Structures are given as structure tokens and as C-alpha cells.
Amino acid sequence: MRQLPPQSNPSFGFANTPFGECCIAFSDDGICALTFPESREGAYADLDNRFPQTDFKQNDERVARFVRQIFEKGESPLLNPIGTEFQLSIWHALQRIPKGETRTYAQIAEAIGRPKAVRAVGTAIGANPIAFLIPCHRVIRTDGGLGGFRWGLECKREMLSWESKS
DNA sequence: ATAAAGGCCACCC
DNA sequence: GGGTGGCCTTTAT
């Protein structure tokens, strides 16, 4: 099941965060993407790949305000993640992990009532379209290992330590 | 329709 | 530590 792609006033922009420059894409329906791209070209390619029909207008000023709201005030703006029902249930579960805490992939599988689907849970978490706000960095392995992270394990560590002291 | 690839885990050595 | 088999969803043939 897929929801609507960003429709009303689709926009995007770049701004600096404690974890490097991010790209945020949003519309009147909320934020649909938050990434930490290697390059701006990479960010364009990623957006075009995920929303081939959408023409985003650049608005760095609005993104800068989002970033202050998120990383200074600790608030979460309205989100509009797009994915399958399975993915959405997992991304929803991630948002219930309190800041400063962690869960294991197995615990998330348990939380959505699919205890056997641990591996699929890992895959779905890897597909998280809204980094940080959907806190996939708070999920680690049962054996205590960090697990994976789309933006690099170093970044995952930094996010966890940043959250533990605030 | 089917195959292949995953941010996993339990179990073995 | 390293390797195997099972589990389940998604994406690409």
C-alpha cells in the first residue's frame, strides 16, 4: 500500500546539522525525506529516483528553520513517510522509542506483532526515508553489536551519544 | 512468477 | 571469532 507522493507545494533544501549537511524534502503534508547525502548531486539523484513525478522547489530558508526546530528545540515536525504497510508499522514503532534509549531489531519485530520477521524488520529499518526523526539509529543488535546504518556506523554512534547527553 | 538480496538471530564449531 | 540455515519482505528480473 502506498500513500500519495508529496503534492501540495513540494519543496526541498539543504542545511547544516550536528551530523553534517542534510537534505530535507517536504510538502504541505509534511516531511517526506531527510537524508545526509555525500553530495548535492547525490541528493538530487535520490529525490528524482524516489519521486520521479514531483518537481520540488528549492527552499533552503524553510529547511534551516526545520533544522533549528529539530536539533535545537528537539521538536518533530509533521512527517509524511511513504512506504508499504509493513514498513509504516515499523517506522511508527521506531518513533515510540524514547530519546536516549535503544531497542533491538528483535524487540521491534515483537512490538509490531511479527516476532519471526526480524530480518525483514532490519531491511525495512534500512529503508527509513526520514533519518533521525524516525530514529532508526536507536535500533541495535541483540548481541550488543551496533547493527548497520545507511549513513555510516560512525554517524550512528554520534547520534546515540549526542542524544544520551541532552 | 520467480529469484536474489538484505542494517537479523540462534546455533554450531 | 567465523560459518550455516531459517525467517520474511522488497526489488529486480
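By convention in this document, chain letters (A, B, ...) are assigned in the order of the sequence lines, proteins followed by strands, and residues within each chain are numbered from 1. As the structure is a prediction and not an experimental result, all values here were calculated from the model.
Between C/dT10 and A/T84, a contact under 4.0 Å exists linking OP1 or OP2 to a side-chain N or O.
We find that CE of A/M159 is positioned 17 Å from P of B/dG7, with the value rounded to whole Å. Atom pair A/W91:CH2 and B/dG7:C1' shows a separation of 14 Å (rounding to whole Å applied). In this structure, CG of A/L146 is placed 14 Å from C1' of B/dC8, rounded to the nearest angstrom. Remark: P of B/dG7 and CD of A/Q87 are 12 Å apart, rounded to the nearest angstrom. Atom OH of A/Y105 and atom P of B/dG6 are 15 Å apart (whole Å). We find that CD of A/E110 is positioned 14 Å from C1' of B/dC9, with the value rounded to whole Å. In this structure, CD1 of A/I140 is placed 12 Å from P of B/dC8, rounded to the nearest angstrom. Atom pair A/I90:CD1 and B/dG7:P shows a separation of 13 Å (rounding to whole Å applied).
Under the 3.5 Å distance criterion, with hydrogens and angles disregarded, no donor-acceptor pair is assigned to the side chains of A/S11 and A/N59.
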Show your working on side-chain contact (heavy atoms from CB on, under 4.5 Å) between A/L94 and A/I108 and close with a plain yes or no.
CA-CA 8 Å; A/L94 298 190; A/I108 299 300; 3.9 Å; yes
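Listed by residue number, the members of residues 112-133 of chain A with any heavy atom below 4.0 angstrom from DNA chain C are A/R114, A/K116, A/A117, A/R119, A/A120.
In terms of heavy atoms, A/G122 sits closest to A/Y105 at CA-CD2, 3.9 Å. Contact detail for A/Q87 and A/A124: the closest heavy-atom pair is CG-CB, 4.1 Å.
Helical stems involving DNA chain B, defined as 3 or more consecutive Watson-Crick or G-U pairs under 3.5 Å, span B:1-6 with C:8-13, B:8-13 with C:1-6.
In this structure, A/Q95 places its CD atom where more than 12 heavy-atom neighbours from other residues, nucleotides or ligands lie under 6.0 Å away.
For an aromatic pair to be called close, the ring centres must be under 6.0 Å apart, and A/W151 with A/F19 fails this.
When each of A/I130, A/N128, A/I90 is tested with A/C136 by the rule side chain to side chain contact (heavy atoms under 4.5 Å, CB included), just one qualifies, namely A/N128. Of the residues A/V63, A/L78, A/L79, the one that meets the side chain to side chain contact (heavy atoms under 4.5 Å, CB included) test with A/F26 is A/V63.
A donor-acceptor pair under 3.5 Å links the side-chain atoms of A/R138 to the main chain of A/I97, judged by distance alone.
Residue-level contact check: A/F86 touches the backbone only, with heavy atoms under 4.0 Å from sugar-phosphate atoms and none from bases.
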